[in-house]
Amino acid sequence: MTDPHHRPGEPMTERDPDADARRLAARSLAADDPTGWFEHLYAESATGDAIVPWDSRTPHVLLAEWTAGRGPGGGRALVVGAGLGDDAEHVAALGHATVAFDVSASAVRLARERFPDSPVDYVTADLLDPPADWRHAFDLVVEIMTVQALPEELHARATESVAGFVRPGGTLLVIASGREDGGPVGAPPWPLTASEIAAFATGGLTAERIEDLRDGGRHRWRATFRRPR
């Protein structure tokens, strides 16, 4: 989750930026609805009643770094859990025909409103039950801190779904917060362990590079995987 934290269209605040996400996630989890809190969070952010803690209004820095040394893009790209669209707009600007999805219809609506002339196809979809025609359909898949926003018991299922989007010859980029195996876990997010990052090499994907990034007290992963042609 990235800084600065603020509500869409509003100035920064001294409120705890993660408080609303924790509150709404706890309520959804208590109702056995592990993904419903995303819709509540984005809907409340639109009325000024909640803060989306990862709304930085810029593409994720580790995504920007990863793309900086690469040439113009091409082919189809999919951005997982696209939120308010900054990462998707960055990917599209590189030349990819980009689909960006979120389980929250409010997030999709807000992204379309923010970028009314965008070439990105913003759609509402569920990572745990994605459209069948997305399987093996994308040259580049970008997953940034979506799997970790789900309870640990759903990580394996979500990981398999993400990996399944990559077509032969395609690339998967995963960016996530990290923790040690067996380490303490907050809620949410549920940062990924080394074994959980390695698990994206499933269904025929192979790990190309896994970066274990440590900066002060922050632990993050940036990993790329490829599906052979």
Side-chain angles (χ1 to χ4, degrees), residues 1-2 54 56 58-103 111 119-123 125 127 130 134-150 155-179 189-215 218-229:
M1 295 184 182
T2 56
W54 49 84
S56 66
T58 59
H60 195 286
V61 63
L62 294 183
L63 169 64
E65 289 177 0
W66 186 78
T67 59
R70 297 171 178 266
R76 298 184 74 202
L78 180 69
V79 178
V80 177
L84 297 174
D86 294 297
D87 297 322
E89 294 298 317
H90 180 78
V91 170
L94 299 173
H96 298 282
T98 304
V99 177
F101 79 93
D102 203 284
V103 72
V120 176
D121 182 13
Y122 289 102
V123 298
L127 175 59
W134 285 2
R135 181 168 177 78
H136 295 182
F138 296 93
D139 300 282
L140 173 64
V141 176
V142 177
E143 146 56 358
I144 301 179
M145 299 185 173
T146 302
V147 172
Q148 72 176 50
L150 299 170
H155 283 187
R157 180 178 167 191
T159 295
E160 183 176 3
S161 184
V162 169
F165 298 137
V166 184
R167 70 172 28 153
T171 297
L172 166 63
L173 170 67
V174 177
I175 294 170
S177 299
R179 68 180 174 94
W190 294 266
L192 304 188
T193 63
S195 59
E196 286 181 312
I197 285 292
F200 282 93
T202 186
L205 287 187
T206 59
E208 186 174 66
R209 184 181 186 189
I210 296 178
E211 298 175 83
D212 186 344
L213 305 173
R214 315 253 178 164
D215 180 12
R218 185 163 55 175
H219 180 193
R220 296 177 294 178
W221 302 104
R222 180 169 57 192
T224 54
F225 304 84
R226 289 190 61 83
R227 184 181 301 284
R229 293 186 183 277

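Keep in mind that the numbers below use all heavy atoms, side chains included, and drop hydrogens, waters and symmetry copies. Counting begins at 1 with the first residue of the sequence.
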message = With ring-ring contact (aromatic ring centres under 6.0 Å, His included) as the criterion, how do His219 and Trp221 come out once you've worked through the C-alpha distance, each side chain's angles and the decisive distance to 0.1 Å?
response = CA-CA 7 Å; His219 180 193; Trp221 302 104; 4.9 Å; yes

Does the [X] side chain pair with the main chain of [Y], one donor and one acceptor, at a distance under 3.5 Å?
X: Gln148; Y: Ser177; answer: yes
X: His96; Y: Val91; answer: no
X: Arg76; Y: Phe138; answer: no
X: Asp87; Y: Pro59; answer: no
X: Asp139; Y: Gly170; answer: no
X: Glu89; Y: Ala93; answer: no
X: Arg227; Y: Ala163; answer: yes

Side-chain touch [X]/[Y], heavy atoms, less than 4.5 angstrom:
X: Phe165; Y: Arg135; answer: no
X: Leu63; Y: Ile175; answer: yes
X: Ile197; Y: Leu192; answer: yes
X: Val141; Y: Thr171; answer: no
X: Leu127; Y: Val80; answer: yes
X: Val166; Y: His136; answer: no
X: Arg226; Y: Leu205; answer: no
X: Thr146; Y: Ile144; answer: no

Could you report the tightest heavy-atom contact between [X] and [Y], atom names first, then the distance?
X: Ala92; Y: Pro119; result: CB-CG, 4.2 Å
X: Ala88; Y: Val120; result: O-CG2, 3.7 Å
X: Ala82; Y: Ala100; result: CB-CB, 3.5 Å
X: Gly204; Y: Pro228; result: O-CD, 3.3 Å
X: Trp190; Y: His155; result: O-CE1, 3.1 Å
X: Thr67; Y: Ala64; result: OG1-O, 3.1 Å

message = For the CG atom of Leu172 and the CG atom of Leu140, what is their distance to the nearest 0.5 Å?
response =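 Output value for this atom pair is 8.5 Å.
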
task = Working to the nearest 0.5 Å, report the span between CG of Leu62 and CG of Leu173.
result =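 With rounding to 0.5 Å, CG (Leu62) is 8.5 Å from CG (Leu173).
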
message = Could you go through Val142 and Trp66, starting from their C-alpha distance and side-chain angles, then the distance that decides it, and tell me whether this counts as side-chain contact (heavy atoms from CB on, under 4.5 Å)?
response = CA-CA 11 Å; Val142 177; Trp66 186 78; 5.8 Å; no

request  = Might you confirm whether atom CD of Glu211 has over 12 heavy atoms from other residues, nucleotides or ligands at distances under 6.0 Å?
outcome  =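 For Glu211, atom CD is crowded (more than 12 foreign heavy atoms under 6.0 Å).
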
ask   = Are Thr159 and Glu196 close enough, and set up right, to give a side-chain contact (heavy atoms from CB on, under 4.5 Å), and what steps lead you there?
value = CA-CA 8 Å; Thr159 295; Glu196 286 181 312; over 6 Å; no

ask   = Should the ring pair Phe200 and Phe225 be called parallel, tilted or perpendicular, given that the plane angle runs from 0 to 90° and is split at 30 and 60?
value =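 Phe200 vs Phe225 ring planes: tilted.
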
Aromatic plane relationship, Trp134 with Phe101 - under 30° parallel, 30 to 60° tilted, over 60° perpendicular =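 It falls in the tilted class, 30° to 60°.
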
ask   = Can you list the steps and then say if Arg220 with Arg214 is a side-chain contact (heavy atoms from CB on, under 4.5 Å)?
value = CA-CA 6 Å; Arg220 296 177 294 178; Arg214 315 253 178 164; over 6 Å; no

ask   = Is it true that Glu65 and Arg222 have a side-chain N and a carboxylate O under 4.0 angstrom from each other?
value =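 Counted as a salt bridge, because a side-chain N and a carboxylate O are separated by less than 4.0 Å.
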
request  = Evaluate the side-chain contact (heavy atoms from CB on, under 4.5 Å) criterion for residues Val79 and Val99: first the C-alpha distance (whole Å), next the side-chain angles of each, then the deciding distance (0.1 Å), finally the verdict.
outcome  = CA-CA 6 Å; Val79 178; Val99 177; over 6 Å; no

